[in-house]
Student: 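Please find one structure pasted underneath; my questions will follow.
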Amino acid sequence: MTAFREATIDLSAVTENVRHLRTLTGVQVIGVVKANGYGHGAAAVATAALAGGATRLGTATLEESLALRRAGITAPLVAWLHAPGRRFDDAVEANIEIGVSSMEQLLAASDAAPASVHLKVDTGLSRNGIPTEHLERVLAEAARLERIGRIRIVGVFSHLSGAGPEDDRAQLARYAEIIAQAESFGIRPEIRHLAATAGAISLPEARLDAVRIGIGLYGLSPFADRTSADLGLRPAMTLRAAVAAVRHVPAGSGVSYDYTYRCERDTNLALVPLGYADGIPRQASGRGPVLVGGRPYTVSGRVAMDQFVVDVGDAPVSVGDEVVLFGDPTLGQPSATDWADAAGTINYEIVTRIGDRVPRRTVT
Ligand SMILES: Cc1ncc(COP(=O)(O)O)c(C=O)c1O
């Protein structure tokens with residue numbers, strides 16, 4: 001029987017995607033499993049990524065890395081976005097590497113000594129990362145703290161904007177300057193890492209010692225003009241629900257809030273029990289693609305908090321029939337990218353926002 005609502009997570013897809021990107025890039029893969037593994041379930045995808053040859057995992061926050069440790073993940077972990085004033089004793093205790101973006105964080109790492117750190121440097125994105133005006137002071141202090149055994153500098157890293165090849169190459173050039181500057185202080189990082197999925201695939205010179213793979217792990221394309229299949233990747237998440245109700249309505253019936261959809265003829269409406277509280281974007285009202293009983297339709301009218309409606313015409317649809325919102329387009333299913341296009345966003349947001357009310361079922 002089809003589950004009421006469910007996201008199936010194909011862990012063998014994750015393992016194969018990592019294997020593929022490792023072979024393609026020829027460098028270490030850091031599997032990025034922040035935000036609950038982009039909505040897929042962090043511990044499960046972490047294990048699958050390690051099985052595919054990832055040598056390290058990355059999260060945004062230490063809390064995410066600590067949760068992975070509690071789930072039994074023993075591989076190297078790095079976390080890079082910290083609350084102001086956060087101390088790092090628990091991170092060091094749990095053998096988690098600390099991404100350091102400021103003097104304050106460097107000193108906090110030293111206070112928790114001996115701490116393993118990755119210095120995060122801003123090469124143009126203007127987000128976190130040590131800003132240029134503080135770089136010299138932070139590099140000098142980091143080198144000193146390493147000399148006296150308070151910290152070990154495992155990595156120096158940065159993040160690309162993806163604004164275009166020119167901009168990415170400018171960031172790479174800036175990164176090379178910073179590495180030279182770090183070396184002049186005696187810093188010799190084991191792992192230099194810059195590229196995420198897009199850079200790893202399209203900018204070979206940015207692969208350095210390791211690439212941080214997020215969206216590619218989950219089998220989705222970071223490019224507007226290339227599909228998962230074009231990149232040799234297989235989407236890991238399939239989002240399904242069971243038709244919760246079917247009703248026959250006369251021509252002219254309004255459907256869902258605001259009646260943005262009105263039935264042109266007598267028809268059948270299928271109720272799908274997923275809404276914006278589950279991460280189905282309301283912006284995709286009237287546009288999101290679905291398969292109902294294996295046939296393609298679009299959402300009719302507004303996506304509501306818990307449900308939406310599909311006009312299935314004369315098709316023989318019954319309560320309990322399977323609805324697929326997205327999955328693997330090579331199997332004829334809509335893709336997360338189709339939903340992103342329908343909602344005016346990116347596939348990252350579609351999978352990451354799938355809510356807690358949707359049980360994840362892992363398959364291998
Ligand atoms: C610092 C950093 N590295 C790597 C990634 C992974 O990026 P992607 O999902 O595009 O591979 C992210 C995600 O946003 C990130 O913030």
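Order of appearance sets the numbers: ligands from 1, and atoms from 1 within every ligand.
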Student: Under 3.5 Å, is there a donor-acceptor pair between the side chain of His134 and the main chain of Pro131?
Tutor: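 No, because the side chain of His134 does not come within donor-acceptor range (under 3.5 Å) of the backbone of Pro131.
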Student: Students often mix this up, so state it plainly: with edges at 30° and 60°, are the rings of His118 and Phe157 parallel, tilted or perpendicular?
Tutor: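 Rings of His118 and Phe157: perpendicular, over 60°.
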Student: Counting only heavy atoms not in Arg247, do more than 12 sit closer than 6.0 Å to its CZ atom?
Tutor: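 No, not enclosed.
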Student: Run the salt bridge (charged side-chain N to carboxylate O under 4.0 Å, His left out) check on Arg188 and Glu146 step by step: do they pass?
Tutor: CA-CA 10 Å; Arg188 302 267 180 280; Glu146 187 169 51; over 6 Å; no
Student: Tabulated below should be the N or O atoms of ligand 1 paired with protein N or O atoms at under 3.5 Å; can you produce that?
Tutor:
from     : atom 1 : to     : atom 2 : distance (Å)
ligand 1 : 3 (N)  : Arg212 : NE     : 2.7
ligand 1 : 3 (N)  : Arg212 : NH2    : 3.4
ligand 1 : 9 (O)  : Tyr38  : OH     : 2.6
ligand 1 : 9 (O)  : Ile215 : N      : 2.8
ligand 1 : 10 (O) : Tyr348 : OH     : 2.6
ligand 1 : 11 (O) : Thr197 : N      : 2.9
ligand 1 : 11 (O) : Thr197 : OG1    : 2.5
ligand 1 : 11 (O) : Gly214 : N      : 2.8
ligand 1 : 11 (O) : Ile215 : N      : 3.4
ligand 1 : 14 (O) : Lys34  : NZ     : 2.7
ligand 1 : 16 (O) : Lys34  : NZ     : 3.3

Student: Is there a donor-acceptor contact under 3.5 Å from the side chain of Thr352 to the main chain of Glu349?
Tutor: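 Side chain of Thr352 to backbone of Glu349, a donor-acceptor pair under 3.5 Å: no, none is there.
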Student: Are side-chain heavy atoms of Leu107 and Glu141 found at a separation under 4.5 Å?
Tutor: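 A side-chain contact exists here, since the closest heavy-atom pair is under 4.5 Å.
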